[in-house]
Amino acid sequence: MNEKSDMGAAPELLGVQRCSECGGARLMRDYESAEVVCMDCGFVLDIRLMDHRPEWRAFDNEQREKRARTGASVTFTIHDKGLSTMIDWHDRDIYGKKFPIGQKTQIYRLRKWQRRIRVSNAMERNLAFALSEITKIANNLSLPKSIFETASVIYRKAIKKKLIRGRSIQGISAASVYITCRQCGLARTLEEISKASNISIKELGRSYRYLVKELKYFIPPVKVNQYVSKFSNQLTVQGKVEEIANKIIVAARDLKLTSGRGPKGIAAAASYIASVLVGERRTQREIAEIAKVTEVTIRNRYKELLERLLFIMDL
DNA sequence: AAGACGAAAGTGGTTGA
DNA sequence: TCAACAACTTTCGTCTT
């Protein structure tokens, strides 16, 4: 029961929260397994905990000061995060005295190069901001790391082709993530990405279409079974449910019951039927909620499916 | 009482003139 | 540009478990 507490680095006791399962006050933050665990009943309250502690240890104040590496804050609103030097355009030194002629031409040359470097940095800055944006979205949706990598590649391509100018970095970043999801067969909706990125569905859709057109991508439409596996995961049902739901969908496709219908509705209905058949029943409302369709739609699809399908199939 | 069902009216997107 | 249309949603009353 308390095995979590015995592992690795000492877990840290939380003061305020209480266990939602047994009401116990002894909650532990366990960084080894990245969980918040109740010490009384073993219930895991939170997963994917982020470790905010420093990775070094210090035994006294002096060591702490020596080892801390953080200093003044950086800002993403300035391209180089506000950390680079600037050469003033006044031809004066720090005491306010004018430069001698020879130094003046030297300063002029330095200034020229500084400007050139800054121009190339504009792209870097754009990229840096976009990458942090992509990371944010991918984390919000708990997408795998590979998605982040691919989305970054897409974004870099967009920069290279100068597609960003005049458009918002955030919009293009979100669109890159969406394209990646679609390419990798992850059924994420525009709505989900829009929520995770604070970009309106309209703008996201526009950026997405723009990128697809300009980068000449071919994006296959979302398959119904991609939704099924997503729903099955979110419903936390056994694999059998997903398997049967997929069978239902294959049969439905053969009977031309899928064309012209929203894939989400079909997937939701198939998942519903499968969950009932397997005996791990989920309510229509539960499924409707995660599928982002209404119960009525599930009912309509499910009625059609049952009428035409069940007696044909050997389940 | 919760969940399922279904009718009816409303909404947003696509299609074709 | 506009009307027609199908799919889907919202709402709400009723039935079933």
Side-chain angles (χ1 to χ4, degrees), chain A residues 20-21 141 167-168 171-172 174-175 177-179 181-182 185-214 217-238 240-242 244-313 315:
Chain A
S20 56
E21 200 65 12
L141 295 169
R167 271 157 234 280
S168 87
I172 301 289
V177 174
Y178 182 62
I179 291 178
C181 288
R182 292 289 299 270
L186 285 173
R188 292 295 126 87
T189 58
L190 275 177
E191 198 190 333
E192 283 170 283
I193 309 258
S194 156
K195 269 218 180 113
S197 62
N198 281 329
I199 305 287
S200 70
I201 291 185
K202 219 169 152 191
E203 192 194 333
L204 178 58
R206 206 169 32 217
S207 306
Y208 162 72
R209 283 192 301 274
Y210 174 70
L211 279 190
V212 168
K213 200 179 95 204
E214 294 295 328
Y217 279 128
F218 171 71
I219 310 285
V222 186
K223 297 260 174 56
V224 181
N225 54 354
Q226 290 170 0
Y227 280 118
V228 167
S229 63
K230 180 184 172 197
F231 298 162
S232 305
N233 281 338
Q234 291 185 350
L235 285 168
T236 58
V237 287
Q238 6 164 340
K240 186 88 180 151
V241 175
E242 183 176 343
I244 291 186
N246 274 324
K247 273 190 187 170
I248 294 174
I249 281 159
V250 171
R253 193 156 37 220
D254 292 344
L255 284 169
K256 309 258 185 301
L257 282 176
T258 54
S259 64
R261 298 278 145 83
K264 277 191 290 187
I266 309 231
S271 301
Y272 175 65
I273 297 174
S275 83
V276 173
L277 285 179
V278 171
E280 209 179 328
R281 187 197 188 93
R282 297 295 136 110
T283 63
Q284 293 180 355
R285 185 175 308 160
E286 253 180 298
I287 297 180
E289 199 160 306
I290 61 164
K292 303 269 163 45
V293 293
T294 59
E295 296 160 64
V296 180
T297 304
I298 294 184
R299 281 200 286 274
N300 290 339
R301 290 299 86 76
Y302 137 85
K303 229 171 45 186
E304 291 169 2
L305 288 173
L306 277 192
E307 274 169 14
R308 311 264 311 268
L309 208 56
L310 266 191
F311 51 94
I312 303 176
M313 295 178 52
L315 289 168

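All chains are named by letter (A, B, ...) in the order of the sequence lines, taking the proteins before the strands, and each is independently numbered beginning at 1.
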| Using purine N1 to pyrimidine N3 plus N6-O4 or O6-N4 for Watson-Crick, or N1-O2 and O6-N3 for G-U wobble, each under 3.5 Å, what pairs with C:dA6? | none
| message | In this structure, how many angstroms lie between the P atom of B:dC5 and the NZ atom of A:K303, rounded? | response | 9 Å
| task | Give the rounded distance in Å between these two atoms: NZ of A:K264 and C1' of B:dG13. | result | 14 Å
| message | In the structure I gave you, are the side-chain heavy atoms of A:R167 and A:S207 within less than 4.5 Å of one another anywhere? | response | no
| request: Compare side-chain N and O positions of A:Y302 against OP1 and OP2 of B:dA4 and report whether any pair is under 4.0 Å apart. | output: no
| query | Counting just side-chain N and O atoms, does A:R299 come under 4.0 Å of either OP1 or OP2 of B:dC5? | reply | no
| message | Under a 3.5 Å distance rule, please check whether A:E192 uses its side chain to pair with a backbone N or O of A:T189 as donor and acceptor. | response | yes
| query | Can you tell me if the side-chain N/O atoms of A:R281 get under 4.0 Å from OP1 or OP2 in B:dA2? | reply | no
| query | Roughly, in whole Å, what's the span from CD in A:E289 to P in C:dT10? | reply | 12 Å
| field | Proximal nucleotide (of C:dT10, B:dG6, B:dA4) relative to the A:T294 side chain | value | C:dT10
| Phosphate oxygens OP1/OP2 of B:dG3: is one of them under 4.0 Å from a side-chain N or O of A:R282? | no
| note | Here the distance between atom P of B:dG13 and atom CZ of A:R206, to the nearest Å, is 14 Å
| query | So does A:K240 pair up with A:E280, basic N to acidic O under 4.0 Å? | reply | no
| query | Does A:E304 come within less than 4.0 Å of A:R301, counting only side-chain N to carboxylate O? | reply | yes
| Heavy atoms under 4.0 Å, any strand shown: does A:T283 hit a base, just sugar-phosphate, or nothing? | sugar-phosphate
| request: For A:R206 and A:Y210, test the side chains for any donor-to-acceptor distance below 3.5 angstrom and give the result as yes or no. | output: no
| Rounded to whole angstrom units, what separation is found between the OH atom of A:Y272 and the P atom of B:dG3? | 11 Å
| task | Rounded off to whole Å, could you give me the CD-to-C1' distance for the A:Q284 and B:dC5 pair? | result | 8 Å
| task | In whole angstrom, give the distance that lies between atom CD of A:E295 and atom C1' of B:dA4. | result | 8 Å
| task | Calculate the interatomic distance between A:I298 atom CD1 and B:dG3 atom P; express it in whole Å. | result | 14 Å
